[in-house]
Protein chains: 2
Amino acid sequence: MRESEAPESRPYHHGDLRRALVEAACRLLEKEGAQALSLRAVAREAGVSPAAPYHHFKDKSELLDAVAHEGWEKLDLAFQAARDAHTSPPDRVRELGVAYVCFASQHPDLYRVMYDCSRDKADMPAHVLENEESAYRRVREVLISAGADPSDEIGLELATIACWCAAHGLAEMTSFKQFEPLKEALGGEEAFLRGVLAHVGVFAKGL
Amino acid sequence: MRESEAPESRPYHHGDLRRALVEAACRLLEKEGAQALSLRAVAREAGVSPAAPYHHFKDKSELLDAVAHEGWEKLDLAFQAARDAHTSPPDRVRELGVAYVCFASQHPDLYRVMYDCSRDKADMPAHVLENEESAYRRVREVLISAGADPSDEIGLELATIACWCAAHGLAEMTSFKQFEPLKEALGGEEAFLRGVLAHVGVFAKGL
DNA sequence: TGCGCTATCTTAGCGTTGTTCAAATAAGAA
DNA sequence: TTCTTATTTGAACAACGCTAAGATAGCGCA
């Protein structure tokens, strides 16, 4: 007989170890940073042996993929909030960019895992770039509603990619020490981010 | 007495092991990629014991810093060439960006080491951002000669950073598989890069 | 010349990592 | 119950970054 409802009511050895591992990894990521995220440390944090994760993930990289997936979903929430908070299409373009870079600035280690996963495979997660409801498509749609010519498919694609590249570059560079005086002069990081994005065509004028 | 001029005339045990290690690291980087760049592998490639590098570099990261330094100097050469190949200021702005991203595309593993070093310390190498002859200053100068208002210091700074961010983002994303159809439609990677950069304000119109 | 000093390099070893494999364990089906 | 399967463990391997102690080679100075 089971010992009368363990706190988390684990029907199996651990319940859902896969989920527990991803959560432990996220916890570690916030507490200790990205360079402390070893497979063994994650197993330790989840209270399980070093070999246990291999029954749920083929690789360390596959666990990181799952963490990254979690990250993209959180980013998607921020995206939705930014879009819903503004009605004017040009505002929406700008605020989408700001939301993106702010997310990266607030979760630097998570963002690093997210992009390192993509970079290693030269491949973005399908639901980010390809889906109908993907973040990429969302940017594209907002660009159209802000005045971009929907019949110029190639131009539209290039503009969307330019958006994304500028946001990603800024996301990785905004923490550089050299920019701190400028941030202070502008009254905070967000003003700095807005200032930089304003010099990227698509963010500046919606086309 | 010395044994009559050994091939490389090594006055000491190895001659200049520091330099030899950096060169071995660069060789490994091209042959095996960035994830194969362990300290022990570098020592092996240089024909020396695993502990030898520690007399020339405090850390593994300090060796990588030296490799990155080498990379920034190579990039600087490409920058100079791009600037000297064009006379019209707007052309120069554009070609600087293209040269930057092309360099990253041609030496992806080196570029990765270069940026990972900066990212880990949230700090760009001094000679890249701060010096008078730095790449950053070079972009700034070209922006001014292309029509940017030199009295608007903050605006100029923001525009330069926007340049840099877009170039960096594109450099890291240009290898993504999802962009391949678009590259083909445009007739090659360079056309793709130019197309994307054309949607970044500073690259597009020099301001 | 010979002696010591110091920088350089090696050998050996520690603790950690990613990964594999055989054995142990528990859940569900018969 | 017993069999089967999914899950977890424990032990081990190779490779890693790094350290400490000893060997070696070049240099200055008597």
Side-chain angles (χ1 to χ4, degrees), chain A residues 1-6 8-25 28-29 31-68 109 113 116-117 120-121, chain B residues 1-25 28-29 31-68 113 116-117 120-121:
Chain A
M1 186 159 270
R2 193 77 45 67
E3 38 216 340
S4 67
E5 303 289 325
E8 303 174 22
S9 86
R10 38 185 74 169
Y12 222 87
H13 289 206
H14 192 289
D16 188 354
L17 182 54
R18 185 192 163 91
R19 160 59 53 101
L21 285 168
V22 173
E23 281 172 7
L28 262 177
L29 207 51
K31 264 193 301 183
E32 318 263 357
Q35 102 284 354
L37 201 69
S38 70
L39 234 187
R40 294 177 105 105
V42 172
R44 230 175 289 137
E45 171 82 18
V48 93
S49 89
Y54 285 90
H55 290 264
H56 301 272
F57 303 98
K58 146 179 156 297
D59 244 355
K60 178 188 182 182
S61 81
E62 209 171 277
L63 168 64
L64 292 185
D65 282 348
V67 173
D109 296 285
V113 170
D116 280 356
C117 284
D120 284 340
K121 300 173 300 199
Chain B
M1 185 155 271
R2 198 74 47 67
E3 39 215 341
S4 64
E5 304 289 324
E8 302 174 23
S9 87
R10 41 185 71 169
Y12 222 88
H13 288 205
H14 191 289
D16 189 354
L17 182 55
R18 187 192 162 91
R19 159 62 52 99
L21 285 168
V22 174
E23 280 171 8
L28 262 177
L29 207 51
K31 265 193 301 183
E32 319 264 357
Q35 101 283 353
L37 201 68
S38 70
L39 236 187
R40 294 175 104 105
V42 172
R44 228 176 291 136
E45 171 81 18
V48 94
S49 88
Y54 285 91
H55 291 263
H56 301 271
F57 303 98
K58 146 178 158 298
D59 247 352
K60 179 188 182 183
S61 81
E62 208 171 277
L63 168 64
L64 292 185
D65 281 348
V67 173
V113 170
D116 280 356
C117 284
D120 283 340
K121 299 174 299 196

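Each chain gets a letter, A, B and so on, in the order the sequences are listed, and its residues count up from 1.
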How far apart are the closest heavy atoms of [X] and [Y], and which atoms are they?
| X | Y | result |
| --- | --- | --- |
| B:Glu62 | B:His56 | OE2-O, 4.3 Å |
| A:Leu37 | A:Leu28 | CD1-CB, 3.9 Å |
| A:Ser38 | A:Lys60 | CA-NZ, 4.2 Å |

To the nearest Å, how far apart are [X] [atom1] and [N] [atom2]?
| X | N | atom1 | atom2 | result |
| --- | --- | --- | --- | --- |
| B:Leu17 | C:dT10 | CG | P | 8 Å |
| B:Phe57 | C:dT8 | CZ | P | 12 Å |
| B:His56 | C:dA7 | NE2 | P | 12 Å |

Heavy atoms under 4.0 Å is the rule here; annotate nucleotides 11-21 of chain D 5' to 3' with B where the base is hit, S where only the sugar-phosphate is, and - elsewhere.
-B---BBBBB-
Could you give the distance from CG (A:Leu21) to CG (A:Asp16), rounded to the nearest 0.5 Å?
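Here the rounded value is 9.0 Å.
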Could you list the residues that satisfy salt bridge (charged side-chain N to carboxylate O under 4.0 Å, His left out) with A:Asp65, not counting sequence neighbours?
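By the salt bridge (charged side-chain N to carboxylate O under 4.0 Å, His left out) rule, A:Asp65 matches A:Lys121.
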